[in-house]
Amino acid sequence: MPSLDEPIFPASRRDFLQASLLAAGAASGLPALAQAARGRKTDTVRLGYGRGGLPLIAKERDDFEKRLAAQGIKVQWIGPFPNHAPSLQAVTGGSADFGFGGSTTPALAAILAGSPLVFTQFAVVEPRSTAILAKDGSGIDRVQDLVGKSVAVNRSGLGEFLLVAALEKHGIARDQVRFVYLNPPEAGPAFAQGKVDAWSMWSPTVDIARSEYKAHDVFFEGRDLDFLIDFNSWVTTRRFAEDNPELVRAVNAAYAQEGQWVTANGAEAERINQKEAGYSDAVRDRQVAYRRRWEFHGVSDQPFVARFQQAADWLAERRILPRPVTVAEHLARI
């Protein structure tokens with residue numbers, strides 16, 4: 001992976017020709033020609049964000065928007081979204097240009113359902129902190145104790161894949177556990193009220209649940225799962241990427257630089273997340289203690305794409321995705 005101080009996307013002959021056309025168009029007073037030569041049909045980008053994570057941090061800090069403004073790009077923030085699925089729906093429906101950097105698994109599910117989405121870049125965030133939780137005193141202390149119990153998961157997302165992986169690791173058939181498909185805003189109250197026995201969820205919500213609902217880990221991804229199946233990802237529509245490759249590259253680079261800042265400034269980044277989400281100092285301190293590291297991968301990173309394809313195959317084989325998908329067919333050409 002190149003240093004984030006260096007250009008993420010190397011210059012090409014196409015970039016050189018576009019720059020030349022831009023200069024010629026500007027000199028001759030042809031703004032439309034100049035804009036087309038730059039590789040974008042708009043100077044405004046609408047970016048989805050959630051109640052935590054990299055887009056929220058980018059929104060709250062000045063650096064991200066300044067980087068894009070220096071290239072003549074104006075940012076509009078769309079959200080906050082409670083989880084990735086509605087962020088994807090906003091892009092498909094035309095009210096946002098980019099999703100909020102969420103899980104690849106629901107993005108693949110949306111693509112298989114017919115959404116005209118393409119991936120623009122990916123990120124691996126370590127350490128992983130998704131977990132399956134149960135309440136203290138519930139008698140559920142290990143994965144084997146989930147037999148005959150109900151577990152809240154988000155369909156075709158991190159929650160479902162982690163539960164499937166946990167059951168498989170311990171030799172438990174899926175039909176021995178009741179999957180209850182709920183999005184996070186509904187799953188939290190269901191878990192708190194005892195309507196489900198366990199909950200498969202990601203940070204910071206699992207950390208909040210440990211504190212507020214007196215819950216503990218039954219299966220913790222970073223400790224108990226030996227492989228990575230799901231990645232952070234940004235998506236846009238295929239048409240937007242085709243019309244605006246330069247803009248897509250600029251957004252990618254700005255997010256990669258923001259990820260570099262978060263890696264180096266974890267405590268400050270978590271204070272931004274805490275202000276939006278409203279959780280306790282104890283939860284914030286747990287987030288800081290993870291010391292998360294962001295590593296970005298472009299759509300032309302063939303080793304990463306191969307790794308992503310293996311993950312997609314794993315998900316399809318276990319029916320978390322409804323059928324196989326060739327991920328190379330759903331990458332932005334930028």
Side-chain angles (χ1 to χ4, degrees), residues 1-2 4 8-10 39-40 45-50 53-55 58 78-79 81 83-125 154 156-158 161 202 228-259 294-316 320-334:
M1 176 180 172
L4 292 178
I8 303 292
F9 303 98
R40 68 185 196 232
V45 62
R46 300 167 300 167
L47 302 176
Y49 73 99
L54 196 64
I78 309 298
F81 296 102
N83 55 297
H84 200 196
S87 165
L88 296 169
Q89 292 164 4
V91 178
T92 300
S95 59
D97 299 317
F98 281 79
F100 76 170
S103 164
T104 47
T105 305
L108 287 172
I111 288 169
L112 288 170
S115 295
L117 302 174
V118 291
F119 294 97
T120 63
Q121 76 171 341
F122 307 91
V124 175
V125 184
N154 60 318
S156 299
L158 276 170
F161 108 71
W202 54 86
L228 187 59
I229 293 296
D230 195 273
F231 312 92
N232 285 67
S233 61
W234 279 263
V235 298
T236 188
T237 62
R238 189 178 298 275
R239 169 59 67 87
F240 188 88
E242 290 173 349
D243 287 347
N244 302 283
E246 181 218 333
L247 189 151
V248 173
R249 292 194 297 271
V251 170
N252 282 351
Y255 271 131
Q257 289 174 287
E258 198 71 16
W294 286 76
E295 176 187 288
F296 281 80
H297 298 270
V299 291
S300 61
D301 183 335
Q302 292 304 312
F304 178 83
V305 171
R307 183 182 178 191
F308 182 25
Q309 182 64 61
Q310 291 174 343
D313 293 342
W314 188 94
L315 293 164
I320 299 170
L321 293 176
R323 62 182 184 277
V325 58
T326 302
V327 298
E329 295 176 357
H330 305 284
L331 304 177
R333 296 183 178 182
I334 51 175

(message) Working to the nearest 0.5 angstrom, can you tell me the gap between F304 CZ and F122 CZ?
(response) 5.5 Å

(request) Please answer whether the main-chain N or O of F100 pairs with a side-chain N or O of S87 as donor and acceptor at a distance below 3.5 Å. (result) yes

(request) Please check if the side chain of T237 supplies one atom and the backbone of P116 the other of a donor-acceptor pair under 3.5 Å. (result) no

(request) Starting at CG of L321, measure out to CD1 of I111 and round the result to the nearest 0.5 Å. (result) 10.0 Å

(request) Kindly say whether F231 contributes a backbone atom to a donor-acceptor pair with the side chain of T104 at under 3.5 angstrom? (result) yes

(message) Is the ring pair W314/F161 parallel, tilted or perpendicular, if the boundaries are 30 and 60 degrees?
(response) perpendicular

(request) Please identify each residue that fulfils salt bridge (Lys or Arg N to Asp or Glu O under 4.0 Å) with D97, with sequence neighbours left out. (result) R46

(request) For residues A90 and F81, report the shortest heavy-atom separation together with the two atoms involved. (result) CB-CZ, 3.6 Å

(request) Please answer whether the main-chain N or O of A241 pairs with a side-chain N or O of T236 as donor and acceptor at a distance below 3.5 Å. (result) no

(message) Rounded at 0.5 Å granularity, tell me how far CZ in F240 sits from CG in L117.
(response) 13.0 Å

(message) Please report the interatomic distance CZ(F119) to NE2(H297), rounded to the nearest 0.5 Å.
(response) 14.5 Å

(message) What I'd like to find out is whether the side chain of N252 reaches to under 4.5 Å of the side chain of F296, using heavy atoms alone.
(response) no

(message) Tell me the closest heavy-atom pair linking W294 and G259, and the distance in Å.
(response) CB-O, 3.8 Å

(message) I'd like to know if the side chain of D230 reaches the main chain of T105, judged simply by a donor and an acceptor atom lying under 3.5 Å from each other, with no hydrogens or angles considered.
(response) yes

(request) Compare every heavy atom of W234 with every heavy atom of G99, then report the nearest pair and how far apart it is. (result) O-CD1, 3.7 Å

(request) Check whether any side-chain heavy atom of V124 lies under 4.5 Å from a side-chain heavy atom of R307, and answer yes or no. (result) yes

(request) State, to 0.1 Å, how close S95 and I78 come at their nearest heavy-atom pair, and which atoms those are. (result) O-CG1, 3.7 Å

(message) Between R238 and H330, is there a side-chain heavy-atom distance shorter than 4.5 Å?
(response) yes

(request) Supply the atom-to-atom distance I334 CD1 to S300 OG, rounded to the nearest 0.5 angstrom. (result) 7.5 Å

(request) Using side chain to side chain contact (heavy atoms under 4.5 Å, CB included) as the criterion, point out the one residue from V235, V248, V251 that pairs with T120. (result) V248

(request) Carefully, step by step, assess N154 and W202 under the rule side chain to side chain contact (heavy atoms under 4.5 Å, CB included). (result) CA-CA 11 Å; N154 60 318; W202 54 86; 3.5 Å; yes

(request) List in chain and number order the residues that pass salt bridge (Lys or Arg N to Asp or Glu O under 4.0 Å) with D243, two or more places apart in sequence or in another chain; answer none if no residue qualifies. (result) K41

(request) Kindly give the heavy-atom pair with the smallest separation between Y255 and G48, and that separation in Å. (result) OH-O, 4.3 Å

(message) Looking at Q309 and V327, would you say the former's side chain and the latter's main chain have a donor-acceptor pair under 3.5 Å?
(response) yes

(request) Mind checking the CD1-CG spacing from I229 to D313? Nearest 0.5 Å is all I need. (result) 9.5 Å

(message) Once salt bridge (Lys or Arg N to Asp or Glu O under 4.0 Å) is applied, what residue pairs with a partner in residues 108-118 remain, sequence neighbours excluded?
(response) none

(message) Can you confirm whether P106 sits close enough to L88 that some side-chain heavy atom of one is under 4.5 Å from a side-chain heavy atom of the other?
(response) yes

(request) Compare every heavy atom of N232 with every heavy atom of G101, then report the nearest pair and how far apart it is. (result) O-ND2, 3.0 Å

